[in-house]
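Step one of this worksheet: look at the structure below.
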Amino acid sequence: MVNSPDMNINEIQDQIIDDFSVFSDWMERYEYLIELGRTLPPFDPSYKIPDYIIEGCQSKVWLYPEFKEGIIIFSADSDALITRGIVALLVKVFSGRTPDEIIGADIYFIDRIGLRQNLSPTRSNGLLAMMKQMRLYALAFKSKHEHK
Amino acid sequence: MKLAKSIEEIRADFPILSMKVHGLPLIYLDNGATTQKPEQVIQLMDQLYRSANANVHRGVHFLSDIVSDRYESARETVRAFINARRKEEIIFTAGATASINAVAFSFGEKYVREGDEIIVSEMEHHANIVPWQMLCGRKKAVLKVIPFTDEGLLDLEAYRSLITERTRIVAVTHASNVLGTINPVKEIVAEAHRNGIPVLVDGAQSIQHGVVDVTDIDCDFFVFSGHKVYGPNGIGVLYGREKLLNELPPYQGGGDMVATVSFRQTTYNDLPFKFEAGTTNFTGAIGLAAALDYLTALGREAVEEREQALLASATAGLSSVSGIRIYGTAPRKVSVVSFLPGDIHQYDAGMILDKMGIAVRTGTHCAQPVMERFDISGTIRASIAFYNTEEEIDALIDGVRKVTEMFG
């Protein structure tokens, strides 16, 4: 999905922080995340193959990149709803961006909306690996593009 | 049987149980992963470093003597706790995993050749699979697997048919960390012994739940971890039958495991030191003994009885939540319940329960073959200790009910 091309990565992060600031407790935050997960566009099942999977011990994430006219479009999915909600947020931030924007991005919204524990560097849910993978795709597309 | 202390007194012994998480009282139901420590262990560890720290078996000085004595008396405590015949049969290791790796290496070096067979079960923790696979890789041996039924019972018929003249060792868990099943290890050992085959029993999930008697089980090796039985982590036990331990080569070389060392030839020390190379985790061993003493004083049969009552409440309560499936319904179980609420992902459920202050484990529990057997990606596991309460079990059941409403 492509989001607000007129906003930069930090503006989108700020908007997400703003969206979450209205919730007074964790239950509302999680319910919103679950909703977000449900709004994620359907993931093409033919991409649910090992090439596009990011394994976590707890939940699985699939990530498929497309490089079109200088920008990367990400589609993604997860088997857990909370993870899918965070996946939706990451897609919102990273999809429709140029490789340089992705490589240079400083992702701070996750901390600010109280989801830090979902990004623990352990093998919990594949989200940290997903962010790493998004950056790797950006690097790969960038070097391919520059060597054309 | 009655516990030697009231539940209030017991809970006061475990300082961590009164803490709050996310502003709510902690409900700790992840005891299968690790148990909490009583003051008796915490204070002892503190005191050891303050007033009784020196290397064991090394110095002739005052402190070294004190620590060496306490270390050796910890060995005696362990021996008595599992009813081994001799204290030389108790080897201190870093944990159950380290113990299994030690046996897989030493036994494998001595007795396993190309084409030989090793039997494990389908319900093993990865720690009782991978070391044997590594051994099979080194020796070109074959790993055979005892399957289990839908209820989570080992198929003993299949086990008997797996035994051949090439079988060198059987390694099975006493209790499953996912299904809770208490396996008939005595029967499994007897069958193996009829064929002259030794058996290793993984006691990581049984030692904390009641009385374990290695002489009665008649197993050849028994392993467990200190941290799962209210002791410190980084300490574990390998019990081995004296005759076998004497036959096996050491798996690590270093200080204390030797009798004489020269560049021409080194001779090894006697049991148990032959298998304790380097400075051992003596503080851990002494702390572990304190934890075992705590359980003994509380009454191990009473501990088991209490945990069984809590298990029955949890099982009945969870079963009443609509759409729930329980994995592992054997008649004899340790206090572990694995379940899935409908189609809700275990990770989602675990995250929400955490926010309610409830600590459960979610995922594959280092037993991926069990997940494969049921064709699921993981479970939620509540593992109960004697210090848990009926109120905490009720909170778990309520929490799971809320989860099903939230995701349903």
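The chains referred to below are lettered A, B, ... by the order of the sequence lines, with proteins before strands, and numbering in each begins at 1. Just so it is clear, the structure is predicted and the values come from calculations on it, not from any experiment.
- Atoms SG and CE, on B/C136 and B/M134 in that order, are 11.5 Å from each other to the nearest 0.5 Å.
- Exactly one of A/F141, A/F94, A/Y137 qualifies for a side-chain contact (heavy atoms from CB on, under 4.5 Å) with A/I102. That residue is A/F94.
- Residues of residues 387-397 of chain B lying under 4.5 angstrom from chain A, judged on non-hydrogen atoms, do not exist here.
- By the 30° and 60° cut-offs, the orientation of the rings of A/F43 relative to A/W62 is tilted.
- When heavy atoms are compared at a cutoff of 4.5 Å, A/I34 approaches chain B solely by way of its side chain, counted from C-beta outward.
- Interface remark: B/I344 contributes no atoms to any contact with chain A (heavy atom separation under 4.5 Å).
- For A/F74 and A/Y64, the distance between ring centers is not under 6.0 angstrom.
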(Q) Apply side-chain hydrogen bond (donor to acceptor under 3.5 Å, both in side chains) to residues A/D79 and B/H345 and explain how you reach the verdict. (A) CA-CA 7 Å; A/D79 56 350; B/H345 198 282; 3.1 Å; yes

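- Partner A/F20 forms a ring pair (Phe, Tyr, Trp, His ring centres under 6.0 Å) with one of A/Y32, A/W26, A/F109 and no other, that one being A/Y32.
- Taking the centre and axis of the six-membered ring of B/F339, the NZ or CZ atom of B/R325 falls outside the cone set by 45° and 6.0 Å.
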